[in-house]
Amino acid sequence: MKPSQYITLNIPVPVAALAASYASKFVFIILMASLFMVAGCKKETDVTPVGSVVANAGPDQSVQVGQLVTLDGAGSLDSDGKPLTYQWNLIRRPAKSSVALSSPTTAKPTFRPDEVGEYELELTVTSANGKSTDKVVVVASVAEPIAISANITVKTVLVDRIVNPDLPDYIVTKSVDVNHELTINPGVVIAFERDVRLNVNDNGGLLIARGEPERKIRFVGVQKTKGYWLGIALYSGSNANLMEYVEVMHAGSRPIYSTTKAALFLSGGSRAQIALKNSLFTQNDGYGVYVYDGGILREFEKNTFTSHTEAGILLDAENVRKLDAASTFTGSNGRNVVEVTPSSVNGTNEVTWTAFADKTPYRINGEFTINTGFRLNPGITMEMNRDAVIRVNTSGYLSAKGTATEKVVLTGAERTAGYWRGLICYSQDSKNVLENAEVTNAGSGIIVSGKKANVAIYGTKAAMTIRNTRISGSGGYGVFVSYGASANTDLMTANTFETNAQTNVLIEK
């Protein structure tokens, strides 16, 4: 038998089983160690660091006193995008400042510096991850106004330099002639020294002052007292002249034309013209606006006149038709009236005067002549100054028709009998009517043919219809109808007559 090539160990069965058991345990230990290592690596990878929050109060700012400052904390963030809350605090400001933040718990609060100096603000931002703070400094200064002392000879634009509307952008130190185009931007404040005037001349000069509802243009005195500077004299006939959203105050230190003081004067000789819209004339000595016969109110809309020593406006009859019902002429004026110079209404078309929403009456000075169709709308009051007269010439007619509740009133500036001369009609036009009207306190002097009367109808074929009208307080007759003239046959019964010095009606035959 050949010897075996391999040695065969005959291990008893118990010993073999023990070896297998040890091997199995070893493999188990190796597997568990591997699993432990894998599990340990996964735990380390999944660890999330605690989130963070960072406040950002925005960049430092340099502004003007009175300028609206908007702070900006919107750059603040939370690393996890969690919601933020904001709290701003003003931690340093000039000694005399009393400003406060608006909406200090929002990202972008505002404030207006009220003193020169530094304003330091701190922003605290909070989220679920914690809180953070940051600071910002706002430096407020005051810009100095620019002096205007030379005539305007080139095209010029004045810009809003100083944000605070109580401070002037420009100071006019001497009277200035505007001989070229002058444009004034919204928000500009021009202050005038004592007795200084602004002349906007014809042949090149024009004024364009267009403000905005929240950024008005202001012409004021260096000292804010009534009658400090002289005013604006407009001689320019340019159809570009405009004042819109403008305030004019403290003018009238001296007469701007002849013996009359006014904040704005429109020359008649050069046919000066302007559009006035949404403007305020207040605290002026004299009148707010004076339009001389020949001057032109090209447009007139929603203007206000208050606190003048005279009336708010003085103008001729031709320009009255441009006035709108929404403008305001009553408010602490020396006379709360629309004052009309001795003048006439002319033309080929009917002229209409309307009542004002604020019930301001018209005040007529001297002789008022009607040379065309003339209509007075319901609610109008025409007050006649001492010895003033209304003449309806043959080329015109007067239609004064009120209503039962809104009369047309012709009376004296003072409500005393015999104060003005009266109404005289020479016209033959069938449109001559007084209806639902009042004619009172005339007959101060002879109106025609040696007669005093509230109403006189005079001349061959002159005619007028008068009904539902109260005629009272005459210094002479209530109504005088001359030979050859006529009135409605029920004149004496269709009207009311009271306290006339002579017969209520005198009809010559």
Side-chain angles (χ1 to χ4, degrees), residues 344-345 350 364 367-376 378 380-384 386-404 407-412 415-509:
S344 59
V345 288
E350 183 179 83
I364 309 299
E367 187 162 310
F368 181 81
T369 307
I370 300 169
N371 296 318
T372 188
F374 183 51
R375 182 178 298 277
L376 296 178
I380 279 182
T381 296
M382 289 180 65
E383 296 181 349
M384 312 302 293
R386 171 69 74 181
D387 296 327
V389 62
I390 299 174
R391 297 187 186 278
V392 185
N393 285 335
T394 56
S395 58
Y397 62 81
L398 171 63
S399 176
K401 292 183 179 181
T403 67
K407 308 286 188 181
V408 172
V409 178
L410 308 178
T411 189
R415 304 301 199 265
T416 56
Y419 187 79
W420 59 293
R421 286 178 64 195
L423 164 66
I424 182 167
C425 176
Y426 302 100
S427 169
Q428 303 171 12
D429 202 303
S430 61
K431 297 187 187 70
N432 289 310
V433 176
L434 289 173
E435 185 174 333
N436 285 312
E438 295 181 4
V439 185
T440 64
N441 301 323
S444 63
I446 293 171
I447 192 166
V448 70
S449 189
K451 307 293 191 299
K452 296 179 180 181
N454 274 8
V455 179
I457 307 170
Y458 186 84
T460 302
K461 295 186 179 180
M464 177 172 278
T465 299
I466 307 174
R467 286 198 175 95
N468 300 315
T469 294
R470 183 169 70 93
I471 299 173
S472 64
S474 173
Y477 299 100
V479 177
F480 166 54
V481 183
S482 75
Y483 179 79
S486 65
N488 46 302
T489 56
D490 59 352
L491 173 64
M492 288 185 283
T493 59
N495 302 287
T496 301
F497 297 89
E498 299 172 352
T499 62
N500 297 300
Q502 295 179 277
T503 306
N504 289 330
V505 176
L506 172 63
I507 301 177
E508 289 185 336
K509 296 188 180 295

Given Glu383 and Thr381, is the side-chain contact (heavy atoms from CB on, under 4.5 Å) satisfied, shown in steps?
-> CA-CA 6 Å; Glu383 296 181 349; Thr381 296; 4.0 Å; yes
Would you sort out whether Thr440 and Thr411 count as a side-chain hydrogen bond (donor to acceptor under 3.5 Å, both in side chains), showing the intermediate values?
-> CA-CA 5 Å; Thr440 64; Thr411 189; 2.7 Å; yes
Begin with the C-alpha distance, continue with both residues' side-chain angles, and end with the deciding distance and a verdict on side-chain contact (heavy atoms from CB on, under 4.5 Å) for Tyr419 and Arg386.
-> CA-CA 6 Å; Tyr419 187 79; Arg386 171 69 74 181; 3.5 Å; yes
Chi angles and distances behind the side-chain contact (heavy atoms from CB on, under 4.5 Å) call for Val448, Phe480 | CA-CA 9 Å; Val448 70; Phe480 166 54; 3.9 Å; yes
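Distance CD1/Ile424 to CG/Leu398: 13.0 Å, rounded to 0.5 Å. Separation of atoms CG (Asn436) and OG1 (Thr403) is listed at 6.5 Å; rounding is to 0.5 Å. Between atom CE of residue Met382 and atom CD1 of residue Ile364 there is a gap of 4.0 Å, rounded to the nearest 0.5 Å. In this structure, OG1 on Thr394 lies 12.5 Å from CD1 on Ile370, to the nearest 0.5 angstrom. Atom CZ of residue Arg470 and atom CG of residue Leu434 lie 13.5 Å apart, to the nearest 0.5 angstrom. The CH2 atom of Trp420 sits 9.0 Å away from the CG atom of Asn441 when rounded to the nearest 0.5 Å.
Under the 3.5 Å distance criterion, the side-chain polar atoms of Asn432 are left unmatched by any main-chain donor or acceptor of Cys425. For Asn454 (side chain) and Ile471 (main-chain N/O), no donor-acceptor pair under 3.5 Å exists by modelled atom type. Remark: the backbone N or O of Asp429 is paired with a side-chain donor or acceptor of Ser427 at under 3.5 angstrom. In terms of modelled atom types and a separation under 3.5 Å, the side chain of Thr369 and the main chain of Ser344 share no donor-acceptor contact. Between the side chain of Ser482 and the main chain of Gly459, a donor-acceptor pair closer than 3.5 Å is present. Asn495 contributes a side-chain N or O that, together with a main-chain N or O of Thr469, makes up a donor-acceptor pair within less than 3.5 Å. Using modelled atom types, one side-chain atom of Arg421 and one backbone atom of Ile446 make a donor-acceptor pair closer than 3.5 Å. Using a distance-only test at 3.5 Å, with no hydrogens or angles considered, no donor-acceptor pair links the side chain of Asn488 to the main chain of Arg467. Side-chain atoms of Gln428 come within 3.5 Å of backbone N or O of Thr460 as a donor-acceptor pair.
The heavy-atom pair separating Pro378 from Val408 by the smallest distance is CA-CG2, 4.2 Å. Nearest heavy-atom pair, Ala442 versus Ala453, reported as atom, atom and distance to 0.1 Å: CB-O, 4.1 Å. Considering every non-hydrogen atom in both Gly443 and Ser474, the closest pair reads CA-OG, 4.3 Å. Nearest heavy-atom pair, Ala487 versus Ile457, reported as atom, atom and distance to 0.1 Å: CB-CD1, 3.9 Å.
When side chains are defined from C-beta on, Arg391 counts as touching Tyr426, because their heavy atoms get closer than 4.5 Å. At a threshold of 4.5 Å between non-hydrogen side-chain atoms, the residues Val505 and Leu491 count as touching. Between Lys401 and Val433, the closest side-chain pair of non-hydrogen atoms falls below 4.5 Å. In this structure the side chain of Phe368 reaches within 4.5 angstrom of the side chain of Val345, judged on heavy atoms. For the pair Lys509/Tyr483, no side-chain contact is recorded, criterion being any heavy-atom separation below 4.5 Å from C-beta on. Side-chain contact between Leu506 and Val481 is absent, with no heavy-atom pair separated by less than 4.5 Å. Side-chain contact check for Phe497 versus Val479: some heavy-atom pair is nearer than 4.5 Å.
A salt bridge between Lys407 and Glu438 is absent, with no side-chain N of the basic residue lying under 4.0 Å from a carboxylate O of the acidic one.
Residues in residues 439-461 take part in these salt bridge (charged side-chain N to carboxylate O under 4.0 Å, His left out) pairs, two or more places apart or across chains: Lys451-Glu508.
For the 3.5 Å distance criterion, the side chains of Asp387 and Ser444 qualify, holding a donor opposite an acceptor.
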